[in-house]
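Every value quoted in this text rests on a predicted model; they were computed, and no experiment measured them.
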Amino acid sequence: MSARAESTDVDAVLLLSFGGPEGPDDVMPFLENVTRGRGIPRERLASVAEHYLHFGGVSPINGINRALIDQLRGLIDIPVYFGNRNWEPYVEDAVTAMAGDGIRRAAVFNTSAWGGYSGCAQYVEDIARARRAAGDAAPHLVKLRQFYDHPLFVQMFSDAITAAAQTVPDDARLVFTAHSIPLSARSRCGTELYERQVAHAAKLVAAAAGYDDYDQVWQSRSGPPQVPWLEPDVGDHLAALAETGTRAVLVCPIGFVADHIEVVWDLDNELKGEAQRYGMAFARAATPNADLARVVADLLDELRNGRDPVRVAGTEAPPLQGFSIDGAFCTSACDTR
């Protein structure tokens, strides 16, 4: 199936995200929601909880999403709703509210640029679950496509690298990092789709920022140590760079569209501290955060007007296909770059 050429009329947008705690009392219940059914020991949850408590128990993600929504409302002419998978406002409540407001069909923007299970298909499952919760009046929901090679997304990271580079020596090593996943999850919803897309996005951003040479690594793995995840880990890679005499590093969190806790803790706190111990200068490129609203507006325009997907010039567009679950359609679940 090729890219959908017909226009799709929608009367609302749903911003769908992961969610995060908004106070100390929320932290453990939130983590229990995230890990439900996975058998994660409570002591491991308590360790992760300390990362959130370091910031007063508040994840930055909900505030960033609300700022994104504010920007988006200034760019489009239809209402915007907000729902999360793991914390308030829950997506089930958002879709129920949409049904009560008479919304019949809405576009869904989920805050991940990527394919694979956790970045794409799991959000389609969230949508389907929310529609079931809303009942017969639930609107049809169309998930917007993956955007890892959208020109605006690439330019935002390129500009962020250029700005961060001003704060470290000219020979700083550029390192792209994204959230690791278990090797057992690589084949879900496309063979090794996620890591191929991350590698492609890193290549596009590096080229736009004027870098011919860079590294691409992984971070924030969890679970038992005997379960293999994508490697190399960013901390191990930093140690290896230190052994070669690298004196400065510029880290670009290409896998994160906003300042998740994995950015502000794992990179800005832990990794920066490790760099300081090695005597290395450290800079971290900014994520798009609320400015991602410009990407959302363009993806919505593609959907509403039947435009071909906008991708970085000179790159081959992969097949743009999709699948449906209980009235929730994903426009790119089978994007197989």
Note to self: Set out, in order, the CA-CA distance, both residues' side-chain angles and the distance that settles side chain to side chain contact (heavy atoms under 4.5 Å, CB included) for L72 and F109, then state yes or no.
What the structure shows: CA-CA 11 Å; L72 184 60; F109 176 80; over 6 Å; no
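- Between the side chain of R131 and the main chain of P139, a donor-acceptor pair closer than 3.5 Å is present.
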Margin query: Using the rule given for side chain to side chain contact (heavy atoms under 4.5 Å, CB included), can you reason through I161 versus Y211, listing the C-alpha separation, both sets of side-chain angles and the distance that settles it, and then say yes or no?
Written below: CA-CA 10 Å; I161 288 171; Y211 287 79; 3.7 Å; yes
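- The OG atom of S222 sits 3.5 Å away from atom CH2 of W229, with the distance rounded to the nearest 0.5 Å.
- Both M28 and F18 are assigned to one and the same hydrophobic cluster, defined by single-linkage of ILVMFWY side chains at heavy-atom distances under 4.5 Å.
- Looking at H260, its side chain never comes within 3.5 Å of a backbone N or O of E262 through a donor-acceptor pair.
- Between N84 and the choices D126, D93, N62, the side-chain hydrogen bond (donor to acceptor under 3.5 Å, both in side chains) rule is met once, by N62.
- For the side chain to side chain contact (heavy atoms under 4.5 Å, CB included) criterion with L174, the lone passing option out of L250, V249, D213 is L250.
- Contact of the T8 side chain with the R105 side chain is registered, since non-hydrogen atoms from C-beta on lie closer than 4.5 Å.
- Counting heavy atoms from C-beta outward, R284 and L271 have side chains that stay 4.5 Å or more apart.
- Criterion: ILVMFWY side-chain heavy atoms under 4.5 Å apart, direct or through other members. Under it, V27 and I61 are not part of a common hydrophobic cluster.
- Between G20 and W87, the shortest heavy-atom distance links the atoms O-CD1, 3.3 Å.
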Checklist line | side chain to side chain contact (heavy atoms under 4.5 Å, CB included) evaluation trace for L144 with E302 | finding: CA-CA 9 Å; L144 296 171; E302 286 182 8; over 6 Å; no
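- Counting heavy atoms of neighbouring residues, nucleotides and ligands inside a 6.0 Å radius, atom CZ of R42 does not exceed 12 of them.
- V217 and F282 fall within a single hydrophobic cluster, where Ile, Leu, Val, Met, Phe, Trp and Tyr side chains are chained together by heavy-atom contacts under 4.5 Å.
- When atom types are taken as modelled, the side chain of T162 and the backbone of S158 share a donor-acceptor pair closer than 3.5 angstrom.
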Check: Q155 and D159: side chain to side chain donor-acceptor pair (under 3.5 Å), yes or no, with the steps?
Finding: CA-CA 6 Å; Q155 190 63 49; D159 290 346; 2.7 Å; yes
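- Between the side chain of N33 and the main chain of N86, a donor-acceptor pair closer than 3.5 Å is present.
- Using a 4.5 Å cut-off on side-chain heavy atoms (C-beta onward), M98 and L141 make contact.
- Within the 4.5 Å cutoff, the side chain of D101 has heavy atoms near those of the Y81 side chain.
- Atom CG of D301 and atom OG of S7 lie 11.0 Å apart (nearest 0.5 Å).
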Notebook entry, point to check: Going through the checks in order, is the salt bridge (charged side-chain N to carboxylate O under 4.0 Å, His left out) test met by D233 and R221?
Noted result: CA-CA 8 Å; D233 176 79; R221 65 152 294 160; over 6 Å; no
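- Under the 4.5 Å side-chain criterion, counting only non-hydrogen atoms from C-beta, Y117 is in contact with E125.
- A distance of 11.0 Å separates CG in L241 from CG in D236, rounded to the nearest 0.5 Å.
- Atom CG of L31 sits about 11.5 Å away from atom CZ of R36, to the nearest 0.5 Å.
- For the 3.5 Å distance criterion, the side chains of W265 and E270 qualify, holding a donor opposite an acceptor.
- Closest of all the heavy-atom pairs between R73 and V80 is NH2-O, 2.9 Å.
- Minimum heavy-atom separation, E274 to L238: CB-CD2, 3.8 Å.
- For V10 against A106, the heavy-atom pair with the smallest separation is CG1-C, 3.9 Å.
- Across A286 and A160, no two heavy atoms sit closer than the pair O-CB, 3.3 Å.
- A242 approaches M280 most closely through the heavy-atom pair CB-SD, 3.9 Å.
- Cluster annotation: V257 and L300 are assigned to the same hydrophobic cluster (Ile/Leu/Val/Met/Phe/Trp/Tyr, side-chain heavy-atom contacts under 4.5 Å, transitive).
- The ring-ring contact (aromatic ring centres under 6.0 Å, His included) analysis of residues 152-174, with sequence neighbours excluded, yields the pairs F147-F153, F153-F157.
- The structure places CG of L299 at 11.0 Å from CD of Q146, a figure rounded to the nearest 0.5 Å.
- Looking at heavy atoms from C-beta onward, I127 lies out of side-chain contact with V91 at the 4.5 angstrom threshold.
- Note that the CG atom of L15 and the CG atom of N65 stand 5.0 Å from one another [nearest 0.5 Å].
- Here the side chain of S180 pairs a donor or acceptor atom with the backbone of L230 at under 3.5 angstrom.
- Using modelled atom types, one side-chain atom of N289 and one backbone atom of D259 make a donor-acceptor pair closer than 3.5 Å.
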Next item on the list: Carefully, step by step, assess E231 and W218 under the rule side chain to side chain donor-acceptor pair (under 3.5 Å).
Entry: CA-CA 6 Å; E231 294 180 341; W218 308 95; over 6 Å; no
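- Under the 3.5 Å distance criterion, the side-chain polar atoms of W114 are left unmatched by any main-chain donor or acceptor of V198.
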Next item on the list: Go through the steps for F30 and E22 under the test side chain to side chain contact (heavy atoms under 4.5 Å, CB included), then give the verdict.
Entry: CA-CA 10 Å; F30 162 75; E22 299 199 85; over 6 Å; no
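- Under the 4.5 Å side-chain contact rule for hydrophobic residues, I78 and V142 share a cluster.
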Next item on the list: Test salt bridge (charged side-chain N to carboxylate O under 4.0 Å, His left out) on R104 and D9 and set out the steps.
Entry: CA-CA 10 Å; R104 304 311 305 157; D9 186 38; over 6 Å; no
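- More than 12 heavy atoms of other shown residues, nucleotides or ligands fall within 6.0 angstrom of atom CG in D171.
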